[in-house]
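Below are the structure tokens for one structure; questions will follow.
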Amino acid sequence: MTTTTHEDHNEEDHHDHKPQGFLNRWVYSTNHKDIGTLYLVFALLMFFIGGAMAMIIRAELFMPGMQLVQPEFFNQMTTVHALVMVFGAVMPAFVGFANWMIPLMIGAPDMALPRMNNWSFWILPFAFTMLVSTLFMDGGAPAGGWTLYPPLVLQTGDSFIFAMFAIHMLGISSIMGAINVIATILNMRAPGMTLLRMPLFVWTWLITAFLLIAVMPVLAGAVTMLITDRFFLTSFFNAAGGGDPVLFQHIFWFFGHPEVYIMILPAFGIISEIIPTFARKPLFGYTSMVYATASIAFLSFIVWAHHMFTVGMPLGAEIYFMLATMMISIPTGVKVFNWIATMWRGSMTFETPMLFALGFVVLFTIGGFSGLMLAIVPADFQYHDTYFVVAHFHYVLVTGSVFALMAGTYYWLPKWTGHMYNERLGKWHFWLSVVFVNVLFFPQHYLGLAGMPRRIPDYSPQFADFNMLSSIGGFAFGLTQLMFVYIVWKCARGGETATAQVWEGAKGLEWTVPSPAPFHTFETPPKIDDSVVAHGDHM
Amino acid sequence: MKKENTLLVGLAMTAAITVVTYAILVAPGFLTDSGLNMTEGVTNSSKAVYDLHMIILWICIVIGILVFAAMFTSIFLHRKSRGAVAAKFTHSTKAEIIWTTIPILILVVMAVPSTITLIELEDNSNPDIIIKITGYQWKWKYDYIDEDISFYSSLKADSNAARLTGSNIDPTTVDNYLLDVDNRIVIPIGKKIGFLITADDVIHSWWVPALGWKQDAVPGFINQAWTRVNEVGVYRGQCAELCGRGHGFMPIVLEAKSEEDYATWLVEQKSALAVTQAETQRIWSKTELMAKGEAVYAQQCAGCHQTDGQGLAPAFPAMAGNPVTNGSISKHIDIVMNGSEGTAMQAFSKTLTDAEIAAALTYTRNAFGNQTGDLIQPATIAKHNNG
């Protein structure tokens, strides 16, 4: 694989040097591209495992009455679905993107800490084997919700400690991944790649990594206190022993709110790469995008209690958390306006990545609106813990994070595989997804407003119509995602050869290396000038 | 691109998106039985909450239509296939200041009424009547603090039978399926009712949408809330915080009566209390115990141990041929009264009357093929309780 960037190297470097044999290539891998692939494949597998659980949930809720499962098993499904999707699908998928793209975008030969990179991935399959194995234990998997509120979570059977230990391992993996991202971005940038020349995806990941390092230990602390309450008779959260069950909620959401931004900031980054490419116009307001991301990250630390307005807080705290939460809509609004301004007077084409990115902008904004509504405390007294909330966070997580992941996959897939995916099928995948995801989640707004609590296995017949509609949308959306696997699989196996540039309007260092990106890239740092930098023209 | 052209397309897009928004938000109302919107409720507070909800919803709708209209105008006009050539601009400080300032102003406009309503909602001072609400897995208990009235409220038996997996009972044939209880909480209209809300085991949340709020019930802590209902009526709600297996099956039914009817109800409750006490003292016949026991079993036990007494392996043991239901009476009483550590079996001593426990025990020892012949009297349970 002789390439222009490799011309100056000696004879040995003309080969990929991929290690031979499965064990050497994948299990012992220290290569950022291979580890990125591992993360992405793992995340896709988890997406389908979590998705299968969602199908069971929607099947039971298809009509009133309990037809398929016991309420206890239903609760296990909602709990494990959330844990798998959050920690198994969305977070690892973004880490996969970080691994693949950050070194390519900043002109680094690899991640700064390759062996730790290997370890942080290989913890995941073990952690999730343990978590999913709890489904087969006596008494079943944890059923107290992914938020793990005591005292309910302490009623979990034998599986309790396995789930808690799995969460500890996921935390360790995330922290190591975050350290690696920070070390790479701060130390490994090619000369000339100043911080304010970095692509926005790199910026959002840098900020996300700091969020991860700040909050994963907080979750670990909360989980450890649960473990000691259960096994060593401490009373952190046990009122009878002088503890406070609400304390757990404060600690959990001090982790949990930044966590939701951990799942959306890199998505903002991906969208900010894709829209300029297909609008053939530089990103509007690059600097304000960076500041907006940083402001959102900062605000994420001081709004946690808006997840618990009904828990019985003092009036002053409720007013403060309401106002602080409303403020988040300002930097988030700046982002949406800047994306539209990027499109304005561009020269747009609508390949699959762009379609998913546009879907993201519209549907994430709808999720943002319902988020703003939820911030209004008196209204939240009605919305809280209803399907309105379920609709809200699925709009920001599925049509937000997951759509961005789909967009990013289509965008960089030719770079990863060296082949173009099937554009026709990709468009079908988008249009079916965007229709059915709305059939799935939009009616849930109505269910919540009409008074249906979340996490119930059965409901009053007055909620029947919208639940059936939502289930139909769910099954169709689930089936549609099989297309995604097929398209990615076909693209990996072959197809039209991709150029280095891939997209007409693409800018940035990753497009200067050939497609597929060779096993080693940027062994000598590239020369950075404004013509190859995605946002160079802002200076 | 000509300016007029942009304006024209912009207006067309605004109109189109407004139509789509209407179709999504309003049209489904003609196709379904369910409500599409939050209830206005029956109190001044719930009305205020509804108004806030509508203001913020309208703000979001208007912003949404404008933003999406701008976006789709661009998608329509600025496409390569129409020969659009990309402009070069990268930022505009003026535009950015405008679209930061306007949202701030909107938020301030929104924050003021929200805060005022919130302050009113949190004013728990000077209630006329105080009711303590306690959440249990999976029922509610209501204590009328000044009236010496106290009772439990659980899912009604017909709903409870229909909701079992594989019951084959059509939920639409059950009145108020999953939203009906055996004992309603009753309040008078026009009075300020103060609620003290807590829980006995895990966190629950007490929610009647018509009152306009929900409040978590946290074990070890007492939360306050209040309401003043304006209209006579029956208002239904549910537990809103995941509390385990029965979370979907602990509804709330609140009945608001006129002041006279409420006074009558109080008298009835007090005389019923006296009857319950008398029931504990007298000797029951086997027929009486078996009949009552069957009813109590269906209401309290069948959810786990199943109507046919065959249980559900592995968590819920069968009653038929069970060593406890066929063995020592005092051990059987102990397990039912105090629960069984490390299993799902809960303690019933606080939630059932002595007569109910005696009847349920007698029934399980003489049904499903169990033939102990034992009769357990309410007095025995009372003695066990005190001893």
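Reminder, nothing fancy here: chain letters follow the sequence lines and each chain counts from 1. Note that the structure is predicted; figures quoted are calculated from it, not measured.
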Check whether any side-chain N or O of B:Asp216 sits under 3.5 Å from a backbone N or O of A:Gly312 as a donor-acceptor pair, and report yes or no. no
Within the distance-only criterion (no hydrogens, no angle test), does the side chain of B:His78 pair as donor or acceptor with the backbone N or O of A:Arg345 below 3.5 angstrom? yes
Given that the side chain runs from C-beta out, which part of A:Leu154 has a heavy atom under 4.5 Å from chain B: side chain, backbone, both or neither? neither
Test item: B:Ser74 and A:Met348 side chains (from C-beta on) under 4.5 Å apart, heavy atoms: yes
If I measure from the heavy atoms of chain B, does A:Met326 come under 4.5 Å with its side chain, its backbone, both, or neither? both
Side-chain heavy atoms of A:Pro457 within contact of B:Phe249, under 4.5 Å: yes
Taking side chain as everything from C-beta outward and backbone as N, CA, C, O, which of these in A:Met308 sits under 4.5 Å from a heavy atom of chain B? Side chain, backbone, both or neither. neither
Please name the pair of heavy atoms, one in B:Ala86 and one in A:Ala279, separated by the smallest distance, quoted to 0.1 Å. CB-O, 4.0 Å
Distance col, row B:Met38:CE vs A:Met373:CE, nearest 0.5 angstrom, shows 7.0 Å
Could you state the interatomic distance from OG1 (B:Thr39) to CG (A:Leu449), rounded to the nearest 0.5 Å? 11.0 Å
Answer whether the closest heavy-atom distance between the side chains of A:Val336 and B:Trp99 falls below 4.5 Å. no
Against chain B, work out which of A:Pro314, A:Ala239, A:Gly333, A:Gly505 has the most heavy-atom pairs shorter than 4.5 Å and name it. A:Ala239
Please evaluate residues A:Val246 and B:Phe221 with respect to the criterion side chain to side chain contact (heavy atoms under 4.5 Å, CB included), reporting the C-alpha separation (whole Å), side-chain torsions for both, the decisive distance (0.1 Å), and the verdict. CA-CA 9 Å; A:Val246 177; B:Phe221 292 80; 5.6 Å; no
For the candidates B:Val174, B:Thr100, B:Leu107, B:Val49, which exhibits the highest count of non-hydrogen atom pairs separated by less than 4.5 Å from chain A? B:Leu107
Toward chain B, the part of A:Gln76 with a non-hydrogen atom under 4.5 Å: neither
Under 4.5 Å to a heavy atom of chain A? For B:Val85 that would be backbone
At a heavy-atom distance under 4.5 Å, which candidate from A:Val377, A:Asn238, A:Ile376 has the highest pair count against chain B? A:Ile376
Cationic tip of A:Lys281 within the cone over B:Phe89's six-membered ring, i.e. under 6.0 Å and within 45° of the normal? yes
To the nearest 0.5 angstrom, please state how far the CD atom of B:Gln238 sits from the OG atom of A:Ser460. 7.5 Å
By a 4.5 Å heavy-atom criterion (distance strictly below it), what part of A:Phe350 contacts chain B: side chain, backbone, both, or neither? side chain
Side chain, backbone, both or neither: which part of A:Asn75 has a heavy atom under 4.5 Å from chain B? side chain
Under 4.5 Å, counting heavy-atom pairs only, tell me which of A:Pro331, A:Pro71, A:Gly157, A:Gly140 racks up the most with chain B. A:Pro71
Least distance between heavy atoms, B:Leu25 atom then A:Tyr446 atom: CA-OH, 3.3 Å
4.5 Å side-chain heavy-atom contact, A:Phe337 and B:Ile98: no
Counting only non-hydrogen atoms closer than 4.5 Å, does A:Ala375 touch chain B with its backbone (N, CA, C, O), its side chain (CB onward), both, or neither? neither
Taking the side chain from B:Lys214 and the backbone from A:Gln382, do they hold a donor-acceptor pair closer than 3.5 Å? yes
Mind running side chain to side chain contact (heavy atoms under 4.5 Å, CB included) on A:Thr365 and B:Phe68 for me, showing each step along the way? CA-CA 9 Å; A:Thr365 303; B:Phe68 297 148; 3.9 Å; yes
Measure across A:Ile456 and B:Gly248 and return the closest heavy-atom pair with its distance rounded to 0.1 Å. CG2-CA, 3.7 Å
Is chain A contacted by the side chain of B:Ile203, its backbone, both, or neither, given a heavy-atom distance below 4.5 Å? both
Decide side chain to side chain contact (heavy atoms under 4.5 Å, CB included) for A:Phe369 and B:Ile61; before the verdict, give the C-alpha distance in whole Å, the side-chain angles of both, and the deciding distance to 0.1 Å. CA-CA 9 Å; A:Phe369 285 143; B:Ile61 288 173; over 6 Å; no
Which region of A:Gln67, side chain (C-beta onward) or backbone (N, CA, C, O), has a non-hydrogen atom less than 4.5 Å from a non-hydrogen atom of chain B, or is it both or neither? backbone
Which atoms of B:Gln137 approach chain A - backbone, side chain, both or neither, heavy atom under 4.5 Å: side chain
Taking all heavy atoms of B:Pro103 and all of A:Ile330, pick out the closest pair and write down the distance. CB-CG1, 4.5 Å
Check whether any side-chain heavy atom of B:Leu36 sits under 4.5 Å from a side-chain heavy atom of A:Phe466, and report yes or no. yes
Assert top hit (heavy-atom pairs under 4.5 Å, partner chain B, pool A:Val334, A:Val69, A:Asp385) equals A:Asp385
Which pair of non-hydrogen atoms, one from B:Tyr177 and one from A:Gly65, has the smallest distance, and what is that distance? OH-CA, 3.6 Å
Side chain, backbone, both or neither: which part of B:Ile104 has a heavy atom under 4.5 Å from chain A? both
Residues of residues 111-118 of chain B contacting chain A, heavy-atom criterion under 4.5 Å, by residue number: B:Ala111, B:Ser114, B:Thr115, B:Thr117, B:Leu118
Answer with side chain, backbone, both or neither: which region of A:Pro64 has an atom nearer than 4.5 Å to a non-hydrogen atom of chain B? both
So, the part of A:Ala341 with a heavy atom under 4.5 Å from chain B: the answer is both
Beyond-backbone contact of A:Phe284 with B:Glu96, side-chain heavy atoms, under 4.5 angstrom: yes
Considering only heavy atoms, which portion of A:Ser370 lies under 4.5 Å from any heavy atom of chain B: side chain, backbone, both, or neither? neither
I'd like to verify something: which residue of B:Ser205, B:Ser92, B:Ala225, B:Ala95 has the highest number of heavy-atom pairs under 4.5 Å with chain A? B:Ser92
Can you say whether B:Ile59 sits under 4.5 Å from chain A via the side chain, the backbone, both, or neither, judging by heavy atoms? neither
Ranking A:Val311, A:Ile340, A:Ile319 by heavy-atom pairs under 4.5 Å to chain B gives rank one to A:Val311
Under a 4.5 Å cutoff for heavy-atom pairs, which residue among B:Thr93, B:Ile197, B:Leu211, B:Ile75 has the most contacts with chain A? B:Ile75
Counting only non-hydrogen atoms closer than 4.5 Å, does A:Tyr149 touch chain B with its backbone (N, CA, C, O), its side chain (CB onward), both, or neither? side chain
Tell me, with the steps shown, if A:Tyr383 and B:His53 meet side chain to side chain contact (heavy atoms under 4.5 Å, CB included). CA-CA 10 Å; A:Tyr383 305 140; B:His53 159 70; 2.5 Å; yes
So which of B:Ile222, B:Val202, B:Ile106 has the biggest tally of heavy-atom pairs under 4.5 Å with chain A? B:Val202
Counting only non-hydrogen atoms closer than 4.5 Å, does B:Glu122 touch chain A with its backbone (N, CA, C, O), its side chain (CB onward), both, or neither? side chain
Mind checking whether B:His91 and A:Ser288 have side chains closer than 4.5 Å, heavy atoms only? no
Heavy-atom distances under 4.5 Å only: say whether A:Gln155 touches chain B with side chain, backbone, both or neither. side chain
Max heavy-atom pairs within cutoff under 4.5 Å with chain A, candidates B:Gly212, B:Cys239, B:Ser45, B:Ser159, goes to B:Gly212
With respect to chain B, which residue among A:Val361, A:Asp244, A:Asp138 yields the maximal number of heavy-atom pairs within a distance under 4.5 Å? A:Asp244
Which region of A:Leu152, side chain (C-beta onward) or backbone (N, CA, C, O), has a non-hydrogen atom less than 4.5 Å from a non-hydrogen atom of chain B, or is it both or neither? both
Would you say B:Leu164 and A:Met66 make side-chain contact, with heavy atoms under 4.5 Å? no
